[in-house]
Amino acid sequence: MTSEGEAVLVYKITNTAGASVELCNIGASIIAINVPDSEGNMTDVALGYKEWQSYLQDPAAMCKSVGRYANRIAGGRFELNGKEFILARNNGPNHLHGGVDGFGTRVWEGSVEGNQVVFTLTSEDGDQGYPGELAVQVAYYWSEENELDITYRAVSNDDTIVNLTNHLYLNLDGAQSGSVLNHTLQLNCSKFLPINSVQIPTGELADVEGTPMDFRSAKSFAQDFDSDFNYMQQVRGYDHCFVVDGWKRNILGKVGCLMSEKSGRKVEILSSQPGVQIYTGNWLQDAPANKEGKRFHDHDGVAIECQAWPDSPNHPDFPSVELKAGEMYIQKIVYRFGLL
């Protein structure tokens, strides 16, 4: 129980092969993903904490459902229908992942519905500065083929903005196995969004060709990790949004694939969102103790966050994140685990 008397619940979904996913109602989060390696050994590949209390105040947003707006909004402000809205600032001058008390810090209502675990949350009008009362739902489904299907839904009683995702950190060699910089990544992304010194998109859509951002052919994070390209040294690695090729609204498309030669595991990522933020766990040393009770090191995991583009409300030419009153927001992410 939390200090406010809210029950902390954990759900486990196991398929007939013994692979499983564990979920928690704090932040509607993923706390474990147990999948086999090339030798059949079942290992947890999702990063997480030893103590459940660590999930309540969590600067790393560890495997959480983040919102009302994932990623950054410049200056913590945006305009909608001619009115300016001021949001909580919790990332220097910016608003990040829904603010000081974003969705990832909340205790959601959890339930089992058929073969899914469903979490719900109500965000009141004015919450963190956002307009409209927003009813949010996230449904998790774990298949016999080791596919984790995540579906976000939301509806508001007033026009607002929404951008929901899961901040899942993966290490395909195991949650406590060390650096992911030797993992390889392939992305179906020919362009990325350059950032300024406070990690806000400049508005340009830049070609990845000839830059460290080119993952069109699989390569390791380590290959270009020491580059000083587009603030990589300042942000201590990759923390950039990539533009998904061929994106069409409300259509599930392939984003890319993360792979580890060491364990023989891979995970294909599919999404209905126009962007994917690649974050190589550059500040994980500041997070609470890991599942073994030990200190995290930077780059112990990588987050592949399927989402709208950062700061979209302040860029009219970016894909819209506006949600009209009474309309249904729905986005889907699929992590398809397998072997090389």
Side-chain angles (χ1 to χ4, degrees), residues 7-56 58 60-66 103-105 107-108 110-112 115-119 138-151 165-180 183 258 260 262-269 279 281 284 287-297 300-306 333-339:
V8 178
L9 303 175
V10 172
Y11 301 81
K12 185 175 183 178
I13 313 172
T14 307
N15 63 24
T16 55
S20 63
V21 168
E22 296 178 40
L23 310 164
C24 181
N25 62 335
I26 301 175
S29 54
I30 299 164
I31 60 173
I33 302 175
N34 295 285
V35 288
D37 65 9
S38 58
E39 297 181 352
N41 300 309
M42 207 72 73
T43 307
D44 181 6
V45 298
L47 270 59
Y49 301 134
K50 180 177 178 63
E51 304 293 340
W52 66 263
Q53 294 90 341
S54 298
Y55 286 90
L56 292 170
D58 173 17
M62 184 64 67
C63 303
K64 303 280 192 66
S65 291
V66 292
F103 293 175
T105 66
V107 178
W108 297 49
S111 63
V112 177
N115 54 7
Q116 297 184 107
V117 174
V118 178
F119 297 103
V138 54
Y140 290 98
Y141 170 74
W142 180 242
S143 78
E144 289 295 314
E145 293 74 34
N146 297 345
E147 292 182 346
L148 178 59
D149 184 306
I150 308 171
T151 303
T165 193
N166 191 287
H167 206 290
L168 174 63
Y169 288 88
L170 290 170
N171 186 321
L172 295 180
D173 297 332
Q176 279 78 240
S177 61
S179 174
V180 296
H183 281 36
L258 180 70
S260 170
K262 180 179 177 181
S263 65
R265 292 187 181 94
K266 68 177 181 179
V267 57
E268 297 176 83
I269 302 100
Y279 173 55
L284 279 174
N290 68 20
K291 293 174 183 177
E292 292 183 341
K294 299 178 181 178
R295 183 178 179 180
F296 278 104
H297 295 95
D300 275 354
V302 57
I304 302 175
E305 311 159 49
C306 301
I333 306 166
V334 178
Y335 295 97
R336 183 179 292 161
F337 293 89
L339 299 174

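Predicted model, so just to flag it, every value in this text is computed and none were measured.
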Under a 3.5 Å distance rule, please check whether Thr105 uses its side chain to pair with a backbone N or O of Leu56 as donor and acceptor. no
Is it true that the side chains of Asn25 and Tyr55 contain a donor and an acceptor less than 3.5 Å apart? no
Is it true that Ser143 and Arg336 share a donor-acceptor pair across their side chains at a distance under 3.5 Å? no
Donor-acceptor side-chain pairing of Tyr169 and Asp300 below 3.5 angstrom: no
Nearest 0.5 angstrom please: Gln116 CD to Tyr140 OH, how far? 12.0 Å
Working to the nearest 0.5 angstrom, can you tell me the gap between Ser260 OG and Lys266 NZ? 13.0 Å
State, to 0.1 Å, how close Asp37 and Ser263 come at their nearest heavy-atom pair, and which atoms those are. CB-O, 3.2 Å
Using the rule side-chain contact (heavy atoms from CB on, under 4.5 Å), only one of Val334, Ile13, Ile30, Asn166 pairs with Leu148; which is it? Ile30
For Ala289 versus Phe296, what's the shortest heavy-atom pair and its separation? C-CE1, 4.2 Å
Please round to the nearest 0.5 Å and tell me the distance separating atom CD of Glu39 and atom CG of Leu339. 11.0 Å
Would you say Asn15 and Asn146 are linked by a side-chain donor-acceptor pair, where the criterion is simply a distance under 3.5 Å? yes
Closest approach of Val8 and Cys24, non-hydrogen atoms and distance? CG1-SG, 4.0 Å
Quick one: CG on Leu170 to NE2 on His183, what's the gap to the nearest 0.5 Å? 8.0 Å
Is the distance between the ring centroids of Tyr11 and Phe119 under 6.0 Å? yes
When rounded to the nearest 0.5 angstrom, what distance separates CG in Asp44 from NZ in Lys291? 3.0 Å
Nearest heavy-atom contact between Asn171 and Ser177 is OD1-OG, 3.0 Å
Answer yes or no: is there a donor N or O on one side and an acceptor on the other, between the side chain of Lys64 and the main chain of Gly104, under 3.5 Å? yes
